[in-house]
*Asks:* 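Below you will find the structure I want to go over with you.
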Amino acid sequence: MRHHRRILLSTVSSDAHTWNLVYLQMLLEEHGCTVTNLGPCVPDDVLVRAAREEQPDAIVISSVNGHGHIDGARVMRALRRDPGTRHLPAVIGGKLGIGGTADEDHAAALLAAGFDVVFPDSADAAALPEILDGLAAGSAREAVLAGGAR
């Protein structure tokens with residue numbers, strides 16, 4: 001991973017979990033990133049405003065509570081509507097649903113909402129730095145379900 005990549009890290013608005021954010025921040029910093037961690041329960045407008053102001057190299061959103069498919073799609077649509085953030089690569093991962101439906105079923109909706117990469121709960125978070133490198137290197141972004149499906 002190139003040094004000094006700027007990452008905006010967040011949860012979705014309904015997610016109060018923090019250990020996932022601490023882990024991801026440490027993982028990304030170990031790979032040379034500068035991470036702005038917005039913490040848990042981030043309202044959509046706060047995330048959009050932070051993304052507009054910071055212009056990070058990528059946005060990484062983590063979900064542990066299982067509402068990532070709902071809250072993530074909503075905030076991603078807001079990011080894609082905003083002219084100052086629509087171009088920013090964005091990744092979501094973690095527990096994306098709670099209703100017994102496989103995370104892969106939610107991935108299509110999250111990719112359609114504008115995420116570039118979706119990491120289902122079964123994906124290895126250690127692949128995140130490499131995925132972010134791929135997003136940065138690609139002249140055209142391609143939606144990817146982490147773990148090989150496209």
Side-chain angles (χ1 to χ4, degrees), residues 1-2 5-17 20-21 23-25 27-28 31 33-99 101-150:
M1 179 169 280
R2 85 170 165 87
R5 186 177 313 262
R6 296 170 297 113
I7 305 298
L8 185 61
L9 177 63
S10 181
T11 62
V12 292
S13 61
S14 66
D15 202 322
H17 295 89
N20 52 319
L21 296 173
Y23 170 78
L24 289 171
Q25 181 173 348
L27 173 70
L28 293 168
H31 285 86
C33 294
T34 300
V35 178
T36 300
N37 186 339
L38 297 179
C41 295
V42 178
D44 295 357
D45 63 324
V46 171
L47 179 55
V48 172
R49 185 172 53 251
R52 191 181 318 115
E53 290 171 1
E54 295 206 16
Q55 290 297 300
D57 296 308
I59 299 167
V60 175
I61 298 177
S62 178
S63 174
V64 174
N65 70 354
H67 295 263
H69 71 288
I70 298 167
D71 296 338
R74 185 189 62 242
V75 74
M76 192 70 250
R77 286 189 297 269
L79 285 161
R80 292 300 181 232
R81 277 192 308 268
D82 189 295
T85 61
R86 68 174 45 131
H87 65 285
L88 298 173
V91 175
I92 190 169
K95 187 173 180 188
L96 303 173
I98 60 168
T101 304
D103 280 347
E104 288 80 4
D105 293 342
H106 296 302
L110 290 165
L111 294 170
F115 280 100
D116 298 288
V117 179
V118 176
F119 275 83
D121 197 26
S122 60
D124 183 2
L128 181 58
E130 184 179 335
I131 294 285
L132 292 172
D133 278 346
L135 283 174
S139 56
R141 297 193 323 249
E142 178 180 359
V144 175
L145 173 61
R150 293 182 187 266

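Numbers here simply count residues along the sequence, with the first being 1. Quick note: numbers below take in every heavy atom, side chains included, and nothing from hydrogens, waters or symmetry partners.
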*Asks:* Can you run down the ring pair (Phe, Tyr, Trp, His ring centres under 6.0 Å) pairs that involve residues 35-61, sequence neighbours left out, and say none if there aren't any?
*Replies:* none
*Asks:* Quick one, His87 with Gln55, criterion side-chain contact (heavy atoms from CB on, under 4.5 Å). Give me CA distance, side-chain angles, the key distance, then yes/no.
*Replies:* CA-CA 10 Å; His87 65 285; Gln55 290 297 300; 2.9 Å; yes
*Asks:* Taking only residues two or more places apart in sequence or in another chain, which ones pass salt bridge (Lys or Arg N to Asp or Glu O under 4.0 Å) with Arg74?
*Replies:* Asp44, Asp71
*Asks:* Please identify each residue that fulfils side-chain hydrogen bond (donor to acceptor under 3.5 Å, both in side chains) with Asp45, with sequence neighbours left out.
*Replies:* none
*Asks:* Counting only N and O atoms by type, is there a donor-acceptor contact under 3.5 Å from the side chain of Thr11 to the main-chain atoms of Cys41?
*Replies:* yes
*Asks:* Per the ring pair (Phe, Tyr, Trp, His ring centres under 6.0 Å) rule, what does the pair list look like for residues 41-63, sequence neighbours excluded?
*Replies:* none
*Asks:* Mind checking side-chain hydrogen bond (donor to acceptor under 3.5 Å, both in side chains) for Ser10 and listing every partner two or more places apart, or none if nothing turns up?
*Replies:* none
*Asks:* Using every non-hydrogen atom in the two residues, find where Ser13 and Pro43 come nearest and quote the distance to one decimal.
*Replies:* CB-CA, 4.1 Å
*Asks:* Under the salt bridge (Lys or Arg N to Asp or Glu O under 4.0 Å) rule, what pairs show up with a residue in residues 61-70, not counting sequence neighbours?
*Replies:* none
*Asks:* Could you check whether any side-chain heavy atom of Ile7 comes within less than 4.5 Å of a side-chain heavy atom of Leu24, counting everything from C-beta outward?
*Replies:* no
*Asks:* Can you list everything that forms a side-chain hydrogen bond (donor to acceptor under 3.5 Å, both in side chains) with Glu54? Sequence neighbours excluded, please.
*Replies:* Thr36
*Asks:* Going from CG on Leu110 to CD1 on Ile70, what distance comes out if it is rounded to the nearest 0.5 angstrom?
*Replies:* 10.0 Å
*Asks:* Apply the side-chain contact (heavy atoms from CB on, under 4.5 Å) test between Leu21 and each candidate in Asn37, Val35, Val60, Asp15; give the one that qualifies.
*Replies:* Asn37
*Asks:* Quick one, Arg5 with Asp133, criterion side-chain contact (heavy atoms from CB on, under 4.5 Å). Give me CA distance, side-chain angles, the key distance, then yes/no.
*Replies:* CA-CA 9 Å; Arg5 186 177 313 262; Asp133 278 346; 2.9 Å; yes
*Asks:* State, without any angle test, whether Asn65 and His67 hold a side-chain donor-acceptor pair at a distance under 3.5 Å.
*Replies:* no
*Asks:* With the side chain counted from C-beta on, respond yes when Val75 and Val42 share a heavy-atom pair under 4.5 Å apart, and no when they do not.
*Replies:* no
*Asks:* Going through the checks in order, is the side-chain contact (heavy atoms from CB on, under 4.5 Å) test met by Ile92 and Met76?
*Replies:* CA-CA 10 Å; Ile92 190 169; Met76 192 70 250; over 6 Å; no
*Asks:* Contact between Leu88 and Leu79 at the side-chain level, heavy atoms closer than 4.5 Å - yes or no?
*Replies:* no
*Asks:* Just so I know, are the side chains of Val64 and Lys95 near enough to count as touching, which here means a heavy-atom distance under 4.5 Å?
*Replies:* no
*Asks:* Is there a side-chain contact between Leu135 and Val91 (heavy atoms, below 4.5 Å)?
*Replies:* yes
*Asks:* Decide side-chain contact (heavy atoms from CB on, under 4.5 Å) for Ile59 and Thr85; before the verdict, give the C-alpha distance in whole Å, the side-chain angles of both, and the deciding distance to 0.1 Å.
*Replies:* CA-CA 10 Å; Ile59 299 167; Thr85 61; 5.6 Å; no
*Asks:* Does any non-hydrogen side-chain atom of Arg81 lie less than 4.5 Å from one of Val48?
*Replies:* no
*Asks:* Show me the pairs that pass ring pair (Phe, Tyr, Trp, His ring centres under 6.0 Å) and involve residues 37-62, at least two apart or across chains.
*Replies:* none
